[in-house]
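Beneath this line is the structure, given in structure tokens, with notes to follow.
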Amino acid sequence: MKITEMGFKIFRFSICWTRIFPTGEESEPNKTGLDFYENVVDECLKYDIEPLITICHDEMPAYIANKYGGWYSRHLIDCFLKLSKALFERLGGKVKYWLTFNEINAVMGYPEMGMNSVEDKKRFQGVHHEFIASALTVKMGKEMMPDALFGTMFALSAFYPESCNPKDVFAAMSSRRVKGLFYSDVMIRGYYPNYALGLFEEMGIEIKKEPGDDEILKKYTIDFLAFSYYRSAIINDKSNINILIDANPNPYLETTPWGTSVDPLGLRYVLNELYDRYQRPLFIVENGCGHLDKLDENGTVNDTYRMKYLGDHITQISNAINLDKIPVMGYTPWAPIDLVSLATGEMTKRYGFVYTDMDNEGKGTKKRIKKASFDWYKKVIATNGEDLSY
């Protein structure tokens, strides 16, 4: 298989911070790491594939996590800006689309934020530092690359009230804001919303700001909103929602083998919800179907369920564009090749168009085999989503 075989028009990938600054404290970036990413970008451009780079994808050097407590420390802002500057200096003339953070509303704790606590009082302080780091990155990026566009990626699968009981309706609204829209509100509207200030007061949270922080947030907002969409969740007044998994089963929807609801219309709902709120271009950068894929006697995977899942979602994107007149910048499904699922830590929960011969213990030949969905999605790209038949 070659990079050009499926016909991708864009390739979203993420930077590994330690490849550029192994501890995060170095004064100069690692040339070998920058060379690596420039080679990736050059290979994409060689085949007219637009690179979309996520600067921070749920990780950081362990050194600055352990020394400073990760994003709880304001020092991380300077570390992040140093990383961003090195990337912009090397890749700025070749990359137009940038995401500052991945699923910023879903990450917490040590693995993603370098913090030894998931306590809200500390986590929201860390999030504030990420907000400032993102805004200052946008400022610097616009100065260095005037034509570049900046976004942040949010986990924004749909939330519905479980019933028309006003308590459930209010709980769904509140959960949606606290778990998702608070983050995009700050980064797009440029200020902390009133409901967040009330919530912080109720929870005893005081965000420590430096002079000028509010002005930074207001002036350097993101250009577009990128988000992941996998499912919808229903909420009642007793729900304690984890946005990476379903809250309560929805009797109107089918589910995957892992119990994840399948809700294509929910994607159109979210596109409308977000554009009504922000009037900014939207980019769906993750959408996919985790499934139990098995090689058949012909040595392939006949994954018609994946074709149906993706095809139904693409239909709803088309409806949002053509009927609702929503500016959708693009769509990058998760994922081209099978990989370990973040939500469950399994290799057997597969998402790709290409089968990877490896089990949950890492055993296997690592051989890659095209699934039936590979050629189907190649056709989808070639027809710009007009032909979804399988």
Output all residues satisfying ring-ring contact (aromatic ring centres under 6.0 Å, His included) with [X], sequence neighbours left out; order by chain, then residue number.
X    : answer
Y110 : none
F283 : none
Y305 : H291
Y72  : none

For [X], does the [atom1] atom have more than 12 heavy-atom neighbours from other residues, nucleotides or ligands under 6.0 Å away?
X    : atom1 : value
E206 : CD    : no
E201 : CD    : no
K31  : NZ    : no

Centre of F182's six-membered ring, under 6.0 Å away, within 45 degrees of the axis: is that where NZ or CZ of R177 sits?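 Verdict for F182: no cation-pi partner in R177.
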
If you draw the axis of the six-membered ring of F21, does the NZ or CZ of K82 fall within 45° of it and under 6.0 Å from the ring centre?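 Satisfied, under 6.0 Å and within 45°.
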
Using modelled atom types only, decide if a donor and an acceptor are shared between the side chain of [X] and the backbone of [Y] within a distance under 3.5 Å.
X    : Y    : answer
D296 : T300 : yes
E346 : V340 : no
S318 : I314 : no
H128 : F124 : no
D168 : D237 : yes
K366 : G364 : yes
R176 : L156 : yes
N39  : D35  : yes
R350 : T356 : yes
S184 : L181 : yes

Would [X] and [Y] pass as an ion pair if we require N to O under 4.0 Å?
X    : Y    : result
K308 : D312 : yes
D120 : R123 : yes
D338 : R368 : no
D357 : K367 : no
R277 : D185 : yes
K370 : E5   : yes
K96  : D147 : no

Do [X] and [Y] come close enough that some side-chain heavy atom pair is under 4.5 Å?
X    : Y    : value
L267 : F227 : yes
K142 : P146 : no
D324 : R268 : yes
F170 : N165 : no

Run the side-chain contact (heavy atoms from CB on, under 4.5 Å) test against [X] and tell me which residues pass, sequence neighbours left out.
X    : answer
F13  : F11, I15, Y37, V40, V41, P51, I53
R280 : I188, T221, Y278
E25  : T23, Y63, I64, K67, Y68, H75, C79

Return yes if a side-chain donor-acceptor contact under 3.5 Å exists between [X] and [Y], otherwise no.
X    : Y    : value
N236 : S239 : yes
N287 : Y230 : no
E286 : Y229 : no
W71  : E112 : no

Please identify each residue that fulfils side chain to side chain donor-acceptor pair (under 3.5 Å) with [X], with sequence neighbours left out.
X    : answer
Y377 : none
K209 : D214
Y220 : none
S117 : none

Option passing side chain to side chain donor-acceptor pair (under 3.5 Å) with S232 (candidates T260, N250, D263):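 So, applying the side chain to side chain donor-acceptor pair (under 3.5 Å) to S232 and each of T260, N250, D263, only D263 qualifies.
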
Assess the residue pair V354 and K371 against the criterion (side chain to side chain contact (heavy atoms under 4.5 Å, CB included)); give the C-alpha distance rounded to whole Å, side-chain angles, the decisive distance to 0.1 Å, and a yes or no. CA-CA 6 Å; V354 177; K371 303 176 189 178; 6.0 Å; no

Which pairs of donor and acceptor atoms, one on a side chain in residues 130-141, lie under 3.5 Å apart (sequence neighbours left out)?
from, atom 1, to, atom 2, distance (Å)
S134, OG, T100, OG1, 2.9
T137, OG1, A133, O, 2.7
K139, NZ, E143, OE2, 2.9

Ring pair (Phe, Tyr, Trp, His ring centres under 6.0 Å) with F101: which of F154, F80, Y183, F150?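 Checked F154, F80, Y183, F150 against F101; only one passes ring pair (Phe, Tyr, Trp, His ring centres under 6.0 Å): F80.
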
Under 6.0 Å between ring centres, would you say that holds for F88 and W98?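 When the ring centroids of F88 and W98 are compared, they turn out to be within the sub-6.0 Å range.
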
Considering the options I55, L149, T54, which one meets the side-chain contact (heavy atoms from CB on, under 4.5 Å) requirement together with L99?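 Looking at I55, L149, T54, the match for L99 under the side-chain contact (heavy atoms from CB on, under 4.5 Å) is T54.
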
